[in-house]
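Just passing along the structure, written as structure tokens.
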Amino acid sequence: MADKKAVWLVALTITALATPAAQAATTVYEAEHATRSQGVVESNHDGYTGTGFVNYDNVIGSAVEFTTYTSHARQHDLVFRYANGTTTDRPMEITVDGTPTTVPFGSTGAWTTWATKTLTVQLSQGTHTIRATATTAEGGPNLDSLTIANDVEAPRPRDWSTAVVDSTIATRPATSLGLSYTDTLFLHSVYLVHRRTGRYLDYLKAWGDARVRADGSTGNPYNDLDSMLAGNIFLDLAQATGEERYRLAAQRIRDRIATYPRTSDGGLIHNVAFTGQLWADGVFMVQPFLARAGDVDTATRQLSIYYRHLKNPEGLLRHAYSEHTGQSPEVWCRAVGWFGMATVDVLRHVPRTHPARAELMEIVRHLADGYRRFQDPSGLWFQLPIKPDLAGNWLETSCSSMYAYTISQAVEQRVLSPSYLRVARKGYRGVLSQASIGSDGRTAIAGISVGTSVGDEAYYLRRARAVNDFHGLGAFLLMNEELGLAPK
């Protein structure tokens, strides 16, 4: 961290607004990416920006600390976006590089009603530490973000998420997408971008109107786990539109899981045609959906079963397991990425007292250890990640996006030490090295492995490297919503 500069509080302006005032230039720091002390990241109250907000523990001293940067010495507005659904004030001590000021954070009427408080300070050019600490036993309000306004000459980062979504939907109308896992991964990712920007609901509704009937049927028998990833976008659209057909569509998948074939120890097989086979890819297709739908017990049990069969003693996981032949021979990068994302996504819904939580945390730590050990200096990871020196091995973009996402999420959830953020951010920069914008203004994400079955070493190395393949676009959007708008 750069040395702290002196800070002088030359003016204090405190206002409560329904929305922040427009600024010439701003930098937004999402609270979920900040350092927390006695608080948790949640997303159960609508209206937040980013991927969630911080719910302070109800104790004096619970805090959120931001590390910020300003390009020029001048007055800046520190705009705290918050919600306070109680009827009483929850004042906080705002400390700017060691200088404290107590600021009231009054009631906003509901936890879904967000307001702002603005503190005007003089900041020098450089890095600053801004800490918001609860001063009462009720803790602080729910804190969504800190915006530093009036840094007029500060560079504004490109919003790669909207750039990729806009470029893709320009050539792929919603009605051209089906129910495949790659299409529904992209659609779920678009929903996350929509939730931040408010821009893409019409596109998602057009897909839903074309694919989901009034009774929730889609024409899909759900005879493989890949097809069940659609459950995530059904839940998204049910929340966004309130239409009953999406709830019914999600319930059809849950009903199918109840009758779906399993291994002898209860693992959901990858495809009804593959008796006794578990593929690491499959857990992402189903388990986060189940956890979101309220079936945490099934989701955690499946992750546990799969992990026991797939764990590789040299690091990470094998691609697949068969009750008849044992583990498949290779560790394939994207399969491990699917598994990592599934585990951290499920963990968001697992109560702290749940008996499976400790095991899931250990799974994430095992994976993160491998991610860190096998990361290339470029920030990316190889198609066969534990064989970086293998002739013909190549750096792959989709799994690199997944690994960066998983690590960042695990740090947010306090499963991993903040020291792992270096790995996630290096991975993020590596993936961005594969992103470009052409003369037509359209984005291109390169180095994405096409769809892949289970095979041997030569099979994985021969897989085609595509540009803008939906495996990579969906993973890129998940990663960028997690890491792309956080301060680097």
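Residues take their numbers from the sequence shown, with the count starting at 1.
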Other residues, nucleotides, ligands: >12 heavy atoms within 6.0 Å of Arg422 CZ: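 It does not: Arg422 CZ has 12 such atoms or fewer within range.
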
Side-chain heavy-atom pair Val54, Val40 within 4.5 angstrom cut-off: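 Sidechains of Val40 and Val54: no contact.
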
Asp46 side chain vs Thr112 backbone, donor-acceptor pair below 3.5 Å: no

Side chain Ser62, main chain Asp57, donor-acceptor under 3.5 Å: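 Yes; at least one donor-acceptor contact below 3.5 Å.
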
Aromatic plane relationship, Phe284 with Trp338 - under 30° parallel, 30 to 60° tilted, over 60° perpendicular: tilted

N/O donor-acceptor pair under 3.5 Å between Ser180 side chain and Asp183 backbone: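 Yes; judged by distance alone, with no hydrogens or angles, the pair exists.
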
Those residues that, when tested against Arg357, pass salt bridge (Lys or Arg N to Asp or Glu O under 4.0 Å) (two or more places apart): none

N/O donor-acceptor pair under 3.5 Å between Arg252 side chain and Thr218 backbone: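 It does not hold such a pair.
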
Residue pair Val467 / Ile448, side-chain heavy-atom distance below 4.5 Å: no

Check: Val190 and Leu204 side chains under 4.5 Å, non-hydrogen atoms: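 When only atoms from C-beta onward are counted, Val190 and Leu204 do touch, with a gap below 4.5 Å.
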
is_close_aromatic(Phe66, His128), centroid dist under 6.0 Å: no

Thr443 backbone acceptor or donor facing Ser167 side chain under 3.5 Å: yes

Those residues that, when tested against Arg373, pass side chain to side chain donor-acceptor pair (under 3.5 Å) (two or more places apart):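 So Arg373 forms a side chain to side chain donor-acceptor pair (under 3.5 Å) with Asp369.
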
Whether Thr168 side chain and Val164 backbone form a donor-acceptor pair below 3.5 Å: yes

Side-chain donor/acceptor of Asp469 to backbone N/O of His471, under 3.5 Å: yes

Mutual orientation of the aromatic rings belonging to Phe234 and Tyr246 [parallel < 30°, tilted 30-60°, perpendicular > 60°]: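 The arrangement is parallel - the two ring planes meet at less than 30°.
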
Residue pair Asp209, Arg245: steps toward the salt bridge (charged side-chain N to carboxylate O under 4.0 Å, His left out) verdict: CA-CA 10 Å; Asp209 290 342; Arg245 59 174 160 169; 2.4 Å; yes

Parallel, tilted or perpendicular, as decided by the 30° and 60° cut-offs, for the rings of Tyr371 and Tyr403: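 Tyr403 and Tyr371: parallel rings.
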
Validation row: Glu396, Leu380 side chains within 4.5 angstrom (heavy atoms):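 In short, these two side chains do not touch, never coming nearer than 4.5 Å.
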
Ala293 backbone acceptor or donor facing Arg254 side chain under 3.5 Å: yes

Mutual orientation of the aromatic rings belonging to Tyr191 and His188 [parallel < 30°, tilted 30-60°, perpendicular > 60°]: parallel

Side-chain heavy atoms of Ser419 within contact of Arg372, under 4.5 Å: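 A side-chain contact exists here, since the closest heavy-atom pair is under 4.5 Å.
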
Main-chain N/O of Gly430 paired to Ser378 side chain as donor or acceptor, under 3.5 Å: no

Check: Ser43 and Arg348 side chains under 4.5 Å, non-hydrogen atoms: no

Asn84 backbone acceptor or donor facing Thr108 side chain under 3.5 Å: yes

Asn232 side chain reached by Arg292 side chain, heavy atoms, under 4.5 Å: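 A side-chain contact exists here, since the closest heavy-atom pair is under 4.5 Å.
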
Verdict with supporting geometry, Arg196 and Asp159, salt bridge (charged side-chain N to carboxylate O under 4.0 Å, His left out): CA-CA 11 Å; Arg196 174 173 60 83; Asp159 188 337; 2.9 Å; yes

Heavy-atom side-chain proximity of Tyr307 to Leu360 below 4.5 angstrom: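 SC-SC contact between Tyr307 and Leu360 ruled out.
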
Heavy-atom pair of closest approach, residues Leu316 and Pro385: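 The pair with the smallest heavy-atom distance is CD1-CG, 3.9 Å.
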
Residue pair Glu30 / Thr51, side-chain donor-acceptor N/O under 3.5 Å: no

